[in-house]
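As the structure is a computational prediction, the values presented were derived from the model and not from experiment.
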Amino acid sequence: MKILLVEDDKTIASGLEYSLQQDQFATVLCHDAASAKKVLTDELDQIALCLFDLSLPDGSGYELCKLVKERSDIPVIFLTAIDDEVNVVMGLDMGADDYITKPFRIRELLSRIKTVLRRYQKQTPTKATIDIKHIRINTLEGKVYKNGEEVLLTALEYRLLLIFANHIGQVLSRNQLLERIWDVAGDFVNDNTLTVYIKRLREKLEDQPQNPQIIKTVRGLGYKVGD
């Protein structure tokens, strides 16, 4: 699989490229937004995943992510030195699948990459449709509808909703959700990401996000969908 790596710090970029290649990934390395845009124009159909540094000398990872998501459904992971909710939400809203804050362990990044790639692999659903109040999930199409109108979800939002849908009436702890989302040990999970995705799902699916009736919080235990 070929990964597009966009990182302006040449020392970091060189180390990442070496580690990715050691893990059997092919890489395309760019140090600025301009060269990355050229790769996305000429070689996007050959790219399996994108790693974008948020701060670039001639642009940002945000604009590159937007460009990718407008043209193809391939995963994007942000590399960022910024770890606050505003920037996280902005990136996730643009369709990014994950982010990792510098400095990070290469083992952690590789785990994130493999997990995101697994989420994009086709899976055979057990049910064609799942109904939760006014929400319908069409698992064959991978689409979600609210009151008959399609709701656009990112890959991770959809994955999280499916976890709830497959455990109707069960209280799921944050740790259980994180383990099911990432399929790796809890050490590699940023808990803030789950908070952001729960919030985004509620904003997209609930009639009153501040008073959720679909994804309910069970105080001290976790979350529950359905009775």
Is any side-chain heavy atom of L221 closer than 4.5 Å to a side-chain heavy atom of S173?
-> no
Would a distance-only check, ignoring hydrogens and angles, find a side-chain to backbone donor-acceptor pair under 3.5 Å from H134 to D207?
-> no
Is there side-chain contact between V151 and Y145, with heavy atoms separated by less than 4.5 Å?
-> no
Run the numbers on I198 and R202 for side-chain contact (heavy atoms from CB on, under 4.5 Å), then give the verdict.
-> CA-CA 6 Å; I198 294 287; R202 283 173 168 168; 3.9 Å; yes
Looking at side-chain heavy atoms only, is the closest gap between T41 and R71 below 4.5 Å?
-> yes
Worked verdict on F25 versus L117 for side-chain contact (heavy atoms from CB on, under 4.5 Å) = CA-CA 12 Å; F25 288 107; L117 287 171; 3.9 Å; yes
Side chains of Y158 and T139 in contact at under 4.5 Å (non-hydrogen atoms) | yes
Taking atom CD of E70 as the centre, report whether more than 12 heavy atoms of other residues, nucleotides or ligands fall under 6.0 Å from it.
-> yes
Using a 4.5 Å cut-off on heavy atoms from C-beta on, say whether the side chain of E157 contacts that of L152.
-> no
May I ask you to check whether F52 and Y62 place their ring centres under 6.0 Å from each other?
-> no
Do you know which two heavy atoms are closest between G226 and I168, and how far apart they sit?
-> CA-CG2, 4.1 Å
When clusters are formed by joining ILVMFWY residues with side-chain heavy atoms under 4.5 Å apart, either directly or through shared neighbours, do L205 and V218 land in the same one?
-> no
Between R159 and T154, do the side chains contain an N or O donor and an N or O acceptor separated by less than 3.5 Å?
-> no
So CG of L5 and SG of C30: to nearest 0.5 Å the spacing works out to 8.5 Å
Chi angles and distances behind the side-chain contact (heavy atoms from CB on, under 4.5 Å) call for T80, I100 | CA-CA 6 Å; T80 175; I100 187 165; over 6 Å; no
Residue among V68, L49, I3 satisfying side-chain contact (heavy atoms from CB on, under 4.5 Å) with P75 | L49
Would you say the side-chain atoms of S19 and R107 include a donor-acceptor pair closer than 3.5 Å?
-> no
Are any of the side-chain heavy atoms of V76 and F78 separated by less than 4.5 Å?
-> yes
Among all residues two or more places apart in sequence or in another chain, which pass the side chain to side chain contact (heavy atoms under 4.5 Å, CB included) test with D9?
-> E7, T11, I12
Is L177 reachable from V171 through a run of hydrophobic residues whose side-chain heavy atoms are each under 4.5 Å from the next?
-> no
Have a look at Y99 and tell me which of T193, I77, L79 forms a side-chain contact (heavy atoms from CB on, under 4.5 Å) with it.
-> T193
Is the backbone of L40 close enough, under 3.5 Å, to the side chain of E43 for a donor and an acceptor to pair up by distance?
-> no
What is the minimum heavy-atom distance between A96 and C65, and which atoms define it?
-> N-SG, 3.9 Å
Check step by step if side-chain contact (heavy atoms from CB on, under 4.5 Å) holds for L29 and L16.
-> CA-CA 10 Å; L29 175 59; L16 282 175; over 6 Å; no
Going from CG on L161 to CD1 on I137, what distance comes out if it is rounded to the nearest 0.5 angstrom?
-> 3.5 Å
With side chains defined as the heavy atoms from C-beta onward, is the minimum distance between L110 and L20 less than 4.5 Å?
-> yes
Quick one: CG on N147 to CD1 on I135, what's the gap to the nearest 0.5 Å?
-> 7.0 Å
Determine whether more than 12 heavy atoms belonging to other residues, nucleotides or ligands lie under 6.0 Å from atom OH of Y18.
-> no
If only atom types and distance count, is the side chain of D58 paired as donor or acceptor with the main-chain N or O of A34 below 3.5 Å?
-> yes
NZ of K146: more than 12 outside heavy atoms within 6.0 angstrom?
-> yes
Measure the spacing between CD1 of I113 and CG of L51 and express it to the nearest 0.5 Å.
-> 4.5 Å
Over all atoms of both residues, closest heavy-atom pair of V6 and A36 | CG2-CB, 3.6 Å
Reference residue D97; test salt bridge (Lys or Arg N to Asp or Glu O under 4.0 Å); the match among R118, R112, K69 = K69
Gap between atom CG of L4 and atom SG of C50 - 0.5 Å precision | 4.5 Å
Among K199, E206, K224, which residue meets the side-chain contact (heavy atoms from CB on, under 4.5 Å) test with I215?
-> E206
Donor-acceptor pair, R136 side chain versus V144 backbone, under 3.5 Å?
-> no
Measuring from D53:CG to H31:NE2, what's the distance to the nearest 0.5 Å?
-> 11.5 Å
State, to 0.1 Å, how close Q213 and N211 come at their nearest heavy-atom pair, and which atoms those are.
-> NE2-O, 3.3 Å
Applied to residues 23-41, the salt bridge (charged side-chain N to carboxylate O under 4.0 Å, His left out) test, sequence neighbours excluded, yields D23-K114, K37-E63, K38-D42
Polar side-chain atom of K216 near backbone of Y223 as donor-acceptor pair, under 3.5 Å | no
Output all residues satisfying side chain to side chain donor-acceptor pair (under 3.5 Å) with K2, sequence neighbours left out; order by chain, then residue number.
-> Q46
With a 4.5 Å heavy-atom cut-off, do L194 and L160 have their side chains touching?
-> yes
